[in-house]
Every structure is written in C-alpha cells, then in structure tokens.
Amino acid sequence: MDVSIVSPEEKVWQGEADRVVARSPEGEFAILRGHIPFLAALVPGRVAVVSGDDRKEFFVPGGFLEASGSMDDYHVIILADDAEDIAGIDLEDARKRYEEAQRRRQEDADDRSEAMMRIEMARVEIAESRGQ
Amino acid sequence: MAQQLRAIKRRITSVKSTQKITRAMELIASSRVIKAQQRVNAARPYAEEMRRLMTSVAERAGTIDHPLLSARADLSRVGTIVASSDRGLAGAYNSNVIRAAERDMDRHGKDNMLFLVGKKAVSYFRFRGYDIDAERTWQGISDRPSIEDARDIARAATSAFAEGHVDQVRLVFTRYESAMTQRPTVVQLLPLPREELREDDDGGQEGARPQYEFEPEPSDILGLLVPRYVEGNILQGLLEAAASEHAARRRAMKAATDNADDLIDDLTRTFNQARQAEITTEIMEVVGGAEALSAPVALESRGGGIPGG
C-alpha cells in the first residue's frame, strides 16, 4: 500500500509499506492493506511505517491518519502537524526542550502550554525508547 | 565644453552603477521566485488532503456544530489579515494588496481589527491612524513564512473570533497565479464558509466517499480539523504572497535595468555628440589658426607675384 506523510509545509515521506502503526486518543492501532476506511486523530507519539524488515519511525506531535482504497489500490495518508525522523532526535536537546516547556506551563498554565508540554514529554519518551 | 563632457560621463557612470544594483536585485528575486514557488507547491498536498477530510467529516458529523463554523447574524466587526512585504522596491505589490484590503474593509463591516503581516502594511495603516496593536503585527516573516508563523497568526485571529471581538475573519493576500500574473485576493477564513465544506473538488470523479470508521467521534475530529484547516489556509496565503512579492520585485527590477539601458544609450549619444562638437570646434580653431597664420604668406607670395607678373 502507498503511504505518505505530509506536513503543512511539505511532503515528508512517501513510499510502499506493509503496515503503519500510530496512536489515536483511544490507543495504538495498526493499519494493514484492506483495512476498512479509517480516519483517526493522532496524539503526540510515534508513527511507524513497516515494510518487510525495514522500519521507519517518525515523531508526530499531532495530526490525522486517513486510510482507504481497494485491495489493489490502498493508501494511508498521515497529515502531521510536523514529522521528525526519530533517529535524528538529540536526546539531550529533547530533555532541555521538555524542561523549558514545563517551566513555561508553570508560568502560564493554559491549554496551550499544557499541550506543548505533553508534546515535549512524548518526544523525550520516544527518543529514550528508540531502537527497542 | 570639456566640463559638459565630464558631467555626462559622471552621469553614465552613476547610471551604470545603479544598473548593477538593479540587475543584481533582479537576479536575486528570480532565484527567490523559484524557491518560493516550490514552497507553494510543496504545501499543496496538505491543503488538498485537509480539505478532502474536512468535507468527509463535516458530512458525517451531520449537523455541523462548531463555534468556528457558525455564522453570526451581525457581521459588522471584521478582522482583516493583510499580507504585505517588509521591503519595498517591488513595484505596486504592496499598494495593490493594501488597496484591496481597504476596499474590502469599506465593503464589509464598520469596525475593523487589523492583523498585519509586513512592515509596509504596518506603516501604512499606522500612518492612516488605525489602531494597531503590536501583538497583531508580524514583521520579518513575509519573505519566508513558516507554519509556526501561520499558527501564530491563526491563533491571534481565531481567539479574537472565539472571544467575540470580531464576527468574521478575512485574509487579504496576493495570489500567485503565474510568473506573470499575481492578483490581490480576499478570502473568508472564519466562520468557515459552508459551501467550501460541500463542494467536491475532484468533480465527483471519486463517486461515493468512503464510509469511514472514526477515532474519536466525527464531531471531535472536526473540532481538531478546523483550527488546522485555518492554519493551513493562512500558510498557503502567506506562501503565495511571498512568491508574488519576489515576482513583483523581479519585474520592477527588470524594468529598472531596462530603463537604465535606455538611459545609458541616450547619454552615450549625447556624450558622443558633445565630443564630436568639441572635436569639430577644435578643428575649426586649428584650421582657423592655420589660415590666420598662412594668410600673410599667401599675401606675400601674391604680393611677390605682382611685381614678378
């Protein structure tokens, strides 16, 4: 099936894959070719695109996943607020950003600073657990 | 005479050096147009996909019940986002978009709240005595707008709408139609025009839309989609404005460079004429002088001839 990851500024990735794993507010799910048409909101976390032994992982702070099509022509489109290759995340930097976000939320506790903090927290967790 | 020649020469030199600058600016603008255009194209898949999802979800959510989608009875207070540039020397680019904004403000509502992108719009509206809040101006981004900038603007405009300071939000920008044509354009951002949610972009090609399974509920997804849709629209507008700005600057600088060519031709012609006039005068003087010198000799020889004759 055809998978593309699109951010507001550009198409981040596109290719063939067997399976896509992502996380909605209701939990982690996997999409295989032929899944019934599916539309999910994504929470901050990992989007994995698996093709045979090859596995690509992205950190997505939020967005949507849409899957539909026929058995022969099936596609998954991920509309991501942003998509970052997990291998490229600098753990030290991620921790610093998380601390900064925590500090900001303490200064100015609103929905936005809360959401930002959750994103940075998820980013650190993903970077820590990579390769596992 | 020689003084006049020197003056013309100086003007030619100065026009030539101005031309070097305008030509350099033209080349820079040309390469930026290409990059800006690529960014417009790169952002298109997201916008198109987002629109498709909005339509699907809005259809399924049934009664579209979202604060950012519901039109208000009174539309007198309008929030207007104007995308201008930070730098000038772009021909009529800024004055066109500002004029379009003013016209639109005259037509819609009486009480306007301005959200201004680019120094040019800020200084224009400030000079005109509009009440401008520094929190609602964005400078230094018009050249190369990013999604963070678009989110910032969307947040400011959306909260003004949600808190009831304005009844609608409109975006004025210059649409990049082609390298030759850019047109000031106004779109309504909020409340989101309903016809946009119904219209089918692929001309019914796809037939029936897939019956999605939603996670979470369609109405919740719609609530998450709408703000992103607004952000995406603002980004698209800013990117097109940036491409238009560079295209307008390239055109203006090309015209200036061509103009300098004409001016140099004219000046060179004048210079040559003046030089020729000077040479002619000099020859006249030499000839005149020579004649003056040779005249007595001729007389003498004639004088000598008479006795001889």
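The figures here come from the full heavy-atom set of this structure, side chains too, leaving out hydrogens, waters and symmetry mates. Numbers restart at 1 for each chain; the letters A, B, ... are given by sequence-line order, proteins then strands.
Here CD1 of I5(A) is found 12.5 Å from CD of E84(A). Values are rounded to the nearest 0.5 Å. Of the inter-residue distances, the one linking R155(B) atom CZ with I234(B) atom CD1 reads 10.5 Å to the nearest 0.5 angstrom.
Taking V6(A), D81(A), D82(A), I77(A) one by one and counting their heavy-atom pairs under 4.5 Å with chain B, the maximum is reached by D81(A). Listed options P216(B), A150(B), A47(B) were ranked by heavy-atom pairs under 4.5 angstrom with chain A; first place goes to P216(B). Note on A41(A), P25(A), G69(A), G63(A): by heavy-atom pairs under 4.5 Å with chain B, the leading option is A41(A).
Using a 4.5 Å cut-off between heavy atoms, I36(A) touches chain B through its side chain atoms alone. The part of S7(A) that comes within reach of chain B is its backbone (N, CA, C, O), which places non-hydrogen atoms under 4.5 angstrom from that chain. Of the atoms belonging to P8(A), heavy atoms from both backbone and side chain fall under 4.5 Å from chain B. Heavy-atom distances place the side chain of F64(A), and not its backbone, under 4.5 Å from chain B. For I147(B), the parts sitting under 4.5 Å from any heavy atom of chain A are the backbone and the side chain alike. With a 4.5 angstrom heavy-atom cutoff, L239(B) does not touch chain A via any of its atoms. Looking at E9(A), the atoms closer than 4.5 Å to chain B (heavy atoms on both sides) sit in the backbone and in the side chain alike. For L39(A), the parts sitting under 4.5 Å from any heavy atom of chain B are the backbone and the side chain alike.
Note on E99(A) versus R103(A): no salt bridge recorded, every NZ/NE/NH1/NH2 to OD/OE distance being 4.0 Å or above. Classification of K11(A) and E49(B) as a salt-bridged pair fails, no side-chain N sitting under 4.0 Å from a carboxylate O. Contact check on R95(A) versus E92(A) returns a salt bridge, with a Lys/Arg side-chain nitrogen under 4.0 Å from an Asp/Glu carboxylate oxygen.
Taking a 6.0 Å sphere around CD of E135(B), one finds it holds 12 or fewer heavy atoms contributed by other residues, nucleotides or ligands.
The aromatic rings of F115(B) and W138(B) lie parallel to each other, their planes meeting at an angle below 30°, with 60° marking the opposite boundary.
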Problem set entry | Derivation and outcome, salt bridge (charged side-chain N to carboxylate O under 4.0 Å, His left out), residues R118(A) and E114(A) | CA-CA 6 Å; R118(A) 281 178 191 282; E114(A) 173 76 23; 3.1 Å; yes
